[in-house]
Amino acid sequence: MFQGAKLWGLTLVCLGLIGIFQAVVSGLWRIVRPATKKRPYLIALIASVILTGIGVPLMMIEFSSYEEVPIRQDFPELFQQQTIHLMQTDELDRVYLSFYFDEVVFRENPKLGYGSLQLILPPGNYEQRYNDLPIPPDYEYSKTVNIVSTHEGAGEFRTGLEIFLRGLREGKWYQDDQDYAMGHVLIVEASQPTLSQLTMDENQTVLHINP
């Protein structure tokens, strides 16, 4: 409610359940440790049950008015593919792909000059790194690049909380977007001469650029 979601039914249910729980604990504690001065808790228990009884139907009415909306409608930025352009492949012989994707697609892009690649990545945040790589025996610093997803757990939690709170404020249920579920595709674009030089390892984690 502090975030602008006016859920009065849910609030009453929570208050009622807190009161019922407190009354039950007090009753059990009185059995275990009888006190000389007994505080009445029956009135509080009755009031809590009444609050819960009012809150449950009110909560059902509130949530029944919610509209089911695809996440893409309000959060299009979560579905935008990212593009990374790699130049001078004669100085680059492998690309490590340290992020999740379902499949890889190679396609021709005549607009790209010889020796350049364009990687179209699934929605997310990425960066190029030249260190912290799995180092093979013949490793050469200048010939390897690592594409790393920088989407950290804390960021994902904040995004999920933002989606949840916006839905509560605006009376929406956000549904999964099927296009997003099918969107974990890596697209590798290059001109035809460069495209013929590209191979992916069997684990789909390293893109080799053959001479």
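- Between the side chains of Ser196 and Gln192, not a single donor N or O lies within less than 3.5 Å of an accepting N or O.
- The distance from atom CG of Leu186 to atom CD1 of Ile147, rounded to the nearest 0.5 Å, is 9.5 Å.
- Of all non-hydrogen atoms in Val56 and Val13, the two that sit nearest each other are N-CG2, 3.5 Å.
- Side-chain atoms of Asn210 come within 3.5 Å of backbone atoms of Gln197 as a donor-acceptor pair (strictly under, hydrogens ignored).
- Salt bridge Glu189/Arg107: present, at least one basic N to carboxylate O contact under 4.0 Å.
- No side-chain donor from either of Glu170 and Tyr66 sits under 3.5 Å from a side-chain acceptor of the other.
- Taking CG of Asp201 as the reference point, atom OH of Tyr96 lies at 9.0 Å (rounded to 0.5 Å).
- Considering CG of Leu58 and CG of Leu51, their distance stands at 11.5 Å, rounded to 0.5 Å.
- Here CD of Gln118 is found 6.0 Å from CG of Asn109. Values are rounded to the nearest 0.5 Å.
- Atom CD1 in Ile187 sits 5.0 Å away from atom CD in Gln81 (nearest 0.5 Å).
- Side-chain N/O atoms of Ser98 and Asn146 include a donor and acceptor closer than 3.5 Å.
- Side-chain atoms of Thr150 come within 3.5 Å of backbone N or O of Asn125 as a donor-acceptor pair.
- Taking CD1 of Ile20 as the reference point, atom CD1 of Ile46 lies at 11.5 Å (rounded to 0.5 Å).
- Shown here for Ser191 and Gly113, the closest heavy-atom pair between the two residues is OG-O, 3.9 Å.
- Evaluation of the side chain to side chain donor-acceptor pair (under 3.5 Å) rule for Thr52 yields no partner, not counting sequence neighbours.
- Geometrically, Arg72 does not engage Tyr174 in a cation-pi contact defined by less than 6.0 Å to the ring centre and at most 45° from the axis.
- Between Gln204 and Asp102, the shortest heavy-atom contact is OE1-O, 4.1 Å.
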